[in-house]
Number of protein chains: 2
Amino acid sequence: MLVTSAPDSPPVGRARLADVAALAGVSVGTASKALNGAGRMRPETRQRVLDAVEALGFRPNQHAQSLHSGRSWTVGLMTTDGIGRFSTPVLLGAEDALGAGKISVLLCDTRGDAIREQHHLRNLTDRRVDGVIVAGRRTDPRPPLTGIDPAIPVVYALSPSADPADTSVVTDDRGGARLAVEHLLATGRTRIAHVTGPEHHQAARDRARHAVEHLAAAGLEPAAGRVHFGEWSEAWGRRAADAVLRTAPRTDAVFCGNDQIARGVADALRERGKDVPGDIAVVGYDNWDTMALACRPPLTTVDMNLAEIGRIAALRLLQAIDAEPEPGVHTVPCRLVVRESS
Amino acid sequence: MLVTSAPDSPPVGRARLADVAALAGVSVGTASKALNGAGRMRPETRQRVLDAVEALGFRPNQHAQSLHSGRSWTVGLMTTDGIGRFSTPVLLGAEDALGAGKISVLLCDTRGDAIREQHHLRNLTDRRVDGVIVAGRRTDPRPPLTGIDPAIPVVYALSPSADPADTSVVTDDRGGARLAVEHLLATGRTRIAHVTGPEHHQAARDRARHAVEHLAAAGLEPAAGRVHFGEWSEAWGRRAADAVLRTAPRTDAVFCGNDQIARGVADALRERGKDVPGDIAVVGYDNWDTMALACRPPLTTVDMNLAEIGRIAALRLLQAIDAEPEPGVHTVPCRLVVRESS
DNA sequence: AGGTCACGAGCAAACCTTTTCCTAGACGGT
DNA sequence: ACCGTCTAGGAAAAGGTTTGCTCGTGACCT
């Protein structure tokens, strides 16, 4: 059977369906039906075909299948700012969900370059991908993809499309801020400062606004009466902690816009002789393990469930491919990870 | 021309080569030749075809091309331990180099699971990928892929294959250790400690062995007379720094096996009142920006040029696809990034 | 015993491009 | 003017699978 070259139909290389059919003594079409379950046929005929498939190690040629069906069983995954801390979990979540549906992922990194984006887009269109996921980094809306075949569904993850008619999956910054504030309130803190990133980042603005709102709902206002906007860095966290100690010395908790800031805050507080969480609790945002776990003490922080965002984006894409898309912005809830800093 | 449905050949959906040929008044075969440059033909005929391509926005159907040529212009990129700090730059480097060759990357993450690896491998084989890159995380050799079609070339990146007949691209741990030690010697340090990860990691063993060898070549031995093996964590760095100060108080430099350890060492030294680099220099390994730049002071560290490893792996793969593979282990040199900690 | 119905299996077209082989025409040389 | 050669372009097959349609056979009912 598996000799290197048979007399007339040499199965050198991979076996074709024709080889299977010949071995089973049926026509090619019948062999195909036996494999795909369609049509009715005698069980023993089907079994003969399956035996032949087994004997020859036949695997269908996906190029031929794709040519026939027009589907590639492939989606493009475009990351717009390199592949970093934020896009990686999204990417893995998407890959996981798509792999279950027998769909593979074509990776395209634009490095934030519009030319490169166009180039990848043309490539994906030429490959007749079944869909595209665009994974951003920031939560600010991004302009929708231009020049893509409207027949190819697109889902935006993390950075929503500026066009509300598109489908986007984003994190729930409101819920995240609420989780953090309510946790601090529940553990008895009342003089809570908020230190976060640059005000021109929507994530910083949203988290700050909702944190303040939730404090107000409890009849409180942020320590020192204002939000501390700055950078997403440890250095800013350290400077801000000093500022908070100076201007609002009775502060008993700091909610930080990300884990780097939180770590900087925790470091500075410790170096100023404050006990975390004894004197002041610290809560971060991102659950970036290398920061949250290496912090002294390990950080309580908000996890955005990035992998879940990727998974949901993939499911939305599958839905848009097979059925009707569900446009609009879908938010994925956050989760509070409590550790020793609060 | 671009009406939704012409009388007999409605160019609904995408234009086919037949549409182009019809518009240009030539046969399909001639249109193909005009596009691919092969065969001789009158310049004005070729131009007519190109004009038709332009008018219809024709793009060749890659499924048909792949079916014909047997090539998919696609390579599989398998990451074996999730996509993390180490594999991401490799992955991007590879994607970049392959994209230049009109080849796209199929992403497969095995999560370190052999079952998943087999599953992905079968999928890639079914898709007739032109080649596979296996990107590991640790530098310890890994068992070669099993059950892959021997006609598909494979290149291992970062984790070499245990089979020397395979092609692998790895980092130069010897050179990295030499860069660090020679830098410290050149800046006048002579009592150099080495703090690194677990001894069962080949990276830790290699860097330690070569560091010790280079010290010996200068007539020195490591401070405290031995290498400090431990974990790849900041906590271990802090503990080890204390141990070094206790057992070898005159130490004037610490070369660390990674940046996390280095940061822990720097933190502990500062907290013990030592000045870095005034009293003691600290050198890290990995050039992991979030660690190296956030460290106080910013870390001098060894950069493994991971993106270059990915790039070279991709080039080796392209070579193996188009021509003869060049088996064996290829090492990519490191680069020392000098900052303020030394 | 003959006719009809149903089920099993095969044929062929369609998916689209590339490439080889072949034909017809033109031009040049004798 | 005729023959040979060269070239441009067309026809057709190959690459492999899916699927609708058709055909044939067997069984059952009248």
Side-chain angles (χ1 to χ4, degrees), chain A residues 8-50 52-53 56-73 102 125-128 130 151, chain B residues 8-50 52-53 56-73 102 125-128 130 151:
Chain A
D8 55 342
S9 65
V12 61
R14 291 191 183 80
R16 300 163 303 164
L17 190 53
D19 300 324
V20 172
L23 182 58
V26 297
S27 77
V28 185
T30 303
S32 173
K33 283 176 217 166
L35 288 182
N36 300 321
R40 306 162 74 87
M41 58 193 311
R42 236 168 358 212
E44 59 262 35
T45 308
R46 162 164 290 130
Q47 193 54 52
R48 264 208 330 276
V49 173
L50 294 179
V53 164
L56 297 175
F58 167 79
R59 309 240 74 201
N61 184 320
Q62 290 218 358
H63 294 152
Q65 289 183 317
S66 290
L67 173 59
H68 179 80
S69 65
R71 285 197 60 173
S72 62
W73 299 94
K102 287 286 169 201
T125 310
D126 286 354
R127 289 180 183 272
R128 308 289 207 268
D130 299 333
Chain B
D8 55 341
S9 64
V12 61
R14 290 192 184 80
R16 300 164 304 165
L17 190 53
D19 300 323
V20 171
L23 181 58
V26 297
S27 76
V28 189
T30 304
S32 174
K33 281 180 225 167
L35 287 182
N36 300 319
R40 305 162 74 87
M41 60 193 312
R42 241 175 350 215
E44 60 262 35
T45 306
R46 161 163 292 133
Q47 193 54 52
R48 264 209 327 278
V49 173
L50 295 180
V53 164
L56 297 175
F58 169 79
R59 309 240 74 202
N61 183 321
Q62 290 217 0
H63 294 152
Q65 290 182 317
S66 290
L67 173 59
H68 180 81
S69 65
R71 285 196 60 172
S72 62
W73 299 93
K102 288 286 170 201
T125 311
D126 285 354
R127 288 180 184 272
R128 309 289 208 267
D130 299 336

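Every chain is numbered from 1 and lettered A, B, ... according to where its sequence line falls, protein lines coming before strand lines.
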*Given atom CG of A:L67 and atom P of D:dA14, what is their separation to the nearest angstrom?*
17 Å

*Within this structure, what is the CZ-to-P distance between B:R71 and C:dT18, rounded to whole angstrom?*
14 Å

*A:V49 and A:V26: which non-hydrogen atoms are nearest, and at how many Å?*
CG2-CG2, 3.9 Å

Measure all distances between protein nitrogen or oxygen atoms and nitrogen or oxygen atoms of nucleotides 23-26 of chain C, and list the pairs falling under 3.5 Å.
none

_Atom-to-atom span, CD of B:Q65 to C1' of C:dT19 - whole angstrom_ = 13 Å

_Closest approach of B:G25 to B:R48 (non-hydrogen atoms, all atoms of both residues)_ = O-NH2, 4.2 Å

*Of all the nucleotides listed (D:dA11, C:dC16, D:dA8), which has the minimum atom distance to the side chain of B:A64?*
C:dC16

*So, does A:S72 use its side chain to make a donor-acceptor pair with the main chain of A:R128 at under 3.5 Å?*
yes

*Looking at side-chain heavy atoms only, is the closest gap between A:H68 and B:L67 below 4.5 Å?*
no

*asked:* Could you go through A:T45 and A:K33, starting from their C-alpha distance and side-chain angles, then the distance that decides it, and tell me whether this counts as side chain to side chain contact (heavy atoms under 4.5 Å, CB included)?
replied: CA-CA 11 Å; A:T45 308; A:K33 283 176 217 166; over 6 Å; no

*Interatomic distance where NE2 belongs to A:H63 and C1' belongs to D:dG16 [whole Å]*: 11 Å

_For A:D19 against A:A15, the heavy-atom pair lying closest together_ = OD2-CA, 3.5 Å

*Please report, rounded to the nearest Å, how far the C1' atom of D:dG10 is from the CZ atom of B:R48.*
13 Å

*asked:* In whole Å, I'd like the distance from the CZ atom of B:R16 to the C1' atom of C:dC15.
replied: 9 Å

*Write down the distance between CG (B:N61) and P (C:dC15), rounded to a whole number of angstrom.*
11 Å

*Pairwise 5' ranking along DNA chain D for A:P60 and B:V26, keeping only the more 5' one*: B:V26

_Candidate nucleotides C:dT17, C:dG10, D:dT17, ranked by approach to the side chain of A:T30 - the nearest_ = C:dG10

*Is the side chain of B:R46 donor-acceptor paired with the backbone N or O of B:A34 at a distance under 3.5 Å, no angle test?*
yes

*Is the shortest heavy-atom distance from the side chain of B:L35 to the side chain of B:L17 under 4.5 Å?*
yes

*Rounded to the Å, how far apart are B:E44 CD and D:dG9 P?*
8 Å

*Between the axis at one end of the helix from C:dA1-D:dT30 to C:dT30-D:dA1 and the axis at the other (five pairs apiece), what's the angle to 10 degrees?*
60°

*Heavy-atom closest pair, residues B:D130 and B:W73*: OD2-N, 2.9 Å

*State whether A:R42 places a side-chain N or O below 4.0 Å from either non-bridging phosphate oxygen (OP1 or OP2) of C:dA9.*
yes

*Side-chain-base donor-acceptor pair under 3.5 Å for A:K33 and C:dG10*: yes

*To the side chain of A:H68, which of C:dA9, D:dT19, C:dT18 is closest?*
D:dT19

*Give one of base, sugar-phosphate or nothing for A:T45, where a contact means two heavy atoms less than 4.0 Å apart.*
sugar-phosphate

*Any pair counted as salt bridge (Lys or Arg N to Asp or Glu O under 4.0 Å), so long as it reaches residues 56-65 of chain B, sequence neighbours left out*: A:D126-B:R59

